[in-house]
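Letters go in sequence order (proteins before strands), and every chain restarts at 1.
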There are 2 protein chains.
Amino acid sequence: MNVTIKDIARLAQVSHTTVSRALNDSPLINSETKEKIKQLAQEMGYTPNFSAKSLVMDRSYNIGLFFSTLNTGTSAGFFYETVRGINSVVKDAYNLVVRGIDDYEHYRSIHRKSFDGVIVMSQSAKDEPFLHHLSEAGIPHIVLNRKVEGLPAINILSDDSHGSYKVVNYMIKKGHRRIAIISGKEIFHSTLERRDGFVRALQDAGIELKESYQVGASYDLKSGYTAMLKLLALPERPTAVFCMNDDMAVGAVKAVHDAGLQVPGDVSVAGFDDSMFSAYLSPALTTVKRPIEEISRQGALVLLESIEQKTLAPETIYLRTELVVRESVAEPAKA
Amino acid sequence: MNVTIKDIARLAQVSHTTVSRALNDSPLINSETKEKIKQLAQEMGYTPNFSAKSLVMDRSYNIGLFFSTLNTGTSAGFFYETVRGINSVVKDAYNLVVRGIDDYEHYRSIHRKSFDGVIVMSQSAKDEPFLHHLSEAGIPHIVLNRKVEGLPAINILSDDSHGSYKVVNYMIKKGHRRIAIISGKEIFHSTLERRDGFVRALQDAGIELKESYQVGASYDLKSGYTAMLKLLALPERPTAVFCMNDDMAVGAVKAVHDAGLQVPGDVSVAGFDDSMFSAYLSPALTTVKRPIEEISRQGALVLLESIEQKTLAPETIYLRTELVVRESVAEPAKA
DNA sequence: ACATATCATGCACACGTTAACAATCCAAAA
DNA sequence: TTTTGGATTGTTAACGTGTGCATGATATGT
């Protein structure tokens, strides 16, 4: 049997009310008795019953971390860094509950009583109904990784468009003109952003966009592999390929090798994310660093703050992406 | 304001007790009224208040997933697959709460009221005090990934020793005699297991163990890189190197390349885990498949069962590992 | 010495749910 | 008719905690 404040009250010869106040540092209580009670609680190994607390305080002490999906399209490194970033902030003040949005058929079971706040790692516009639900239910929430258009929200995301601009621009500076792109899932918002940077960089350099140099994939290794195969089969194959994430870049590099060609000798390849392994590939991957852990940490901080203060001003915070130059992009071979 | 069973009771002209019974499918209630109430609840958008439920039922509806650490040593793929496996079983019957054991200074706040059950993804013997705490606190729990010695527990793990035996044996069959090993953190139990298989394979083949062919690392990419550098600097360098996980193998391969050598031409390399990316490296990594997602799924199933039935018989379930032959191990060059 | 302000504590209820026990109704048995 | 008993429903308390209000004690000011 667990000790309750009533047990403490009995031993301390006071009412359970006094104990409750003492443990919550109420200014109403004499500091001596307060100390006495606190020490007693400590000795008896008291821990509050959060169910009871929740019931009366109308709080759940749960923070929800929702991904668009936990199945396909979410890369392991991305997932890991997100959880780590948030966990480092949340500690044990709250329970961090991890979920996939697509696990739900309806959102009825998600309400203010079950989550004090929600962090949405939003990858796709498909999440919109879920975000609407959070708004209607009055659950404090923040959206990471994606700018949501319809409704006001707190957004924290990286400047993906600018990031991909930088890496493509870098390719151009190296002398590439035949530059292709391997895209991720069309439904993901970051896909649009990254393509936008690609297109802008090409336009600014006066390079024409070729339809055949844009091939779709789905952010996983295999899709990057097959996409690159398509590009290599082209009559005039590109000299540089920008992949929308590192996973696909790994697949793409593999495809180049399997075709008996070299990276970057025959084809330059760049990725996006700066996954942990990208520095250790051969050749080391030139990519764009995206501060996922930092985004997550900041997001958690903002959310906790807004939970305490009950005041959440819609805002959008952009965190900088950073070009990471390694070995996989070089000057094109003289044609 | 949320609707409660009392609100439903008022509209249905019954007592709140009847509503509670109806919604819980009690056989005491007339099936007509039961239907009527259920429908009404549906229309009113009723969702139970879990705090109240928890308080009276003495359950938290929380399942804890504890990793030894969320910081260093836990690889992203491992983490991701674990969460996925468990999540696929737990669904929304429980909240899945993710934590790192090393986040805690004391375990006082972890008790039967805060977790209905706990899944420990245990990587190190350092977890022992935590496991003891769970036992003492009477919290149903299972231990994944590691055989715990001291106290009775439900264990689900892969047969790592046998797995590494298989891959090292494969190297020997290919003709290697100078075989080295790159170890992970000594504190991790799997490190001992995998070394055991390595040693046995060598002994069975009558190959002498060389001290200089055993170098320590810490399961991350970088440590694999530097460990391989040491091996390459040896006067008589090994022809094959077994890395205790795929991450280190990636680092090791990189080191070989940076030294101007080839895999598997000059040095064969094998890993462990069969991470998602290992098939897409160049050369594709020969490794041992470890069914992490399956272990997690099974573990979750067993835990849920034992929570319902209140009966948990200590047992140890081993899941098979599997040699995955790819390109990174070949016959040694004629010396 | 008395009124008043300040401080410290206790009483009683509330939160939403379940469950032991009591109560009612109606049909069947005596 | 009276009794028994099953089927339904209601009454009440309980879970552990926080809080508005009342109460008592002590110090302050006149």
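- As judged by a 4.0 angstrom heavy-atom cut-off over every strand, A:Thr17 is placed among the base-contacting residues.
- Side-chain atoms of A:Arg21 and base atoms of D:dG20 include a donor and an acceptor less than 3.5 Å apart.
- Between B:Asn24 and A:Ala52, the one whose closest nucleotide on DNA chain C sits nearer the 5' end is A:Ala52.
- In this entry the distance linking CD1 of A:Ile5 with P of C:dT9 reads 15 Å, nearest Å.
- Not one side-chain nitrogen or oxygen of B:Tyr46 sits closer than 4.0 Å to the OP1 or OP2 atom of C:dG16.
- Using cut-offs of 30° and 60° on the angle between ring planes, the pair A:Tyr61 and A:Tyr94 is tilted.
- When rounded to the nearest whole Å, the span between OH of B:Tyr61 and P of D:dC15 equals 18 Å.
- Atom CG of B:Asp25 is separated from atom C1' of C:dT17 by 17 Å (rounded to the nearest Å).
- Using a 4.0 Å heavy-atom distance criterion, A:Thr18 is classed as a sugar-phosphate-only contact.
- Contact between the side-chain N/O atoms of B:Thr4 and the OP1/OP2 oxygens of C:dG16 is not found at any separation under 4.0 Å.
- Protein atom CG of A:Asn2 is 9 Å distant from nucleotide atom P of D:dT17, rounded to whole Å.
- Within the nucleic acid shown, B:Asp58 has no heavy atom closer than 4.0 Å to any nucleic acid atom.
- The residues A:Glu294 and A:Arg297 are annotated as salt-bridged, a charged nitrogen and a carboxylate oxygen being separated by less than 4.0 angstrom.
- Rounded to a whole Å, the NZ atom of B:Lys113 is 10 Å from the P atom of D:dC15.
- Nearest-nucleotide assignment on DNA chain D puts the 5′-proximal partner with B:Gln13, out of B:Leu55 and B:Gln13.
- As rounded to whole Å, 14 Å separates atom C1' of D:dT17 from atom CZ of A:Arg59.
- Within 4.0 Å (heavy atoms only), A:Ser54 reaches no atom of the nucleic acid at all.
- A salt bridge is absent between B:Lys126 and B:Asp102; no separation between the charged side-chain nitrogens and carboxylate oxygens falls under 4.0 Å.
- A donor-acceptor contact under 3.5 angstrom links the side-chain atoms of B:His16 to the base of C:dT18.
- More than 12 heavy atoms of other residues, nucleotides or ligands sit less than 6.0 Å from atom CD of B:Glu315.
- Side-chain N/O atoms of B:Ser20 include none lying less than 4.0 angstrom from OP1 or OP2 on C:dT17.
- Distance NZ (B:Lys36) to C1' (D:dT8): 13 Å, rounded to an integer number of Å.
- Using a 4.0 Å cut-off, no side-chain N or O of B:Asn49 falls inside it from OP1 or OP2 of C:dC15.
- One atom, CE of A:Met57, and another, C1' of D:dC15, lie 18 Å apart when rounded to the nearest Å.
- Aromatic ring pairs are classed by plane angle as parallel below 30°, tilted from 30° to 60° and perpendicular above 60°; the pair A:Phe115 and A:Phe66 is perpendicular.
- Within the 4.0 Å cut-off from OP1 or OP2 of C:dC7, not a single side-chain nitrogen or oxygen of A:Asn30 is found.
- No engagement by A:Ser51 is indicated, since no non-hydrogen atom pair under 4.0 Å with the nucleic acid exists.
- Residue A:Lys6 places none of its side-chain N or O atoms closer than 4.0 Å to OP1 or OP2 of D:dT17.
- Classification of A:Glu128 and A:Arg146 as a salt-bridged pair holds, one side-chain N sitting under 4.0 Å from a carboxylate O.
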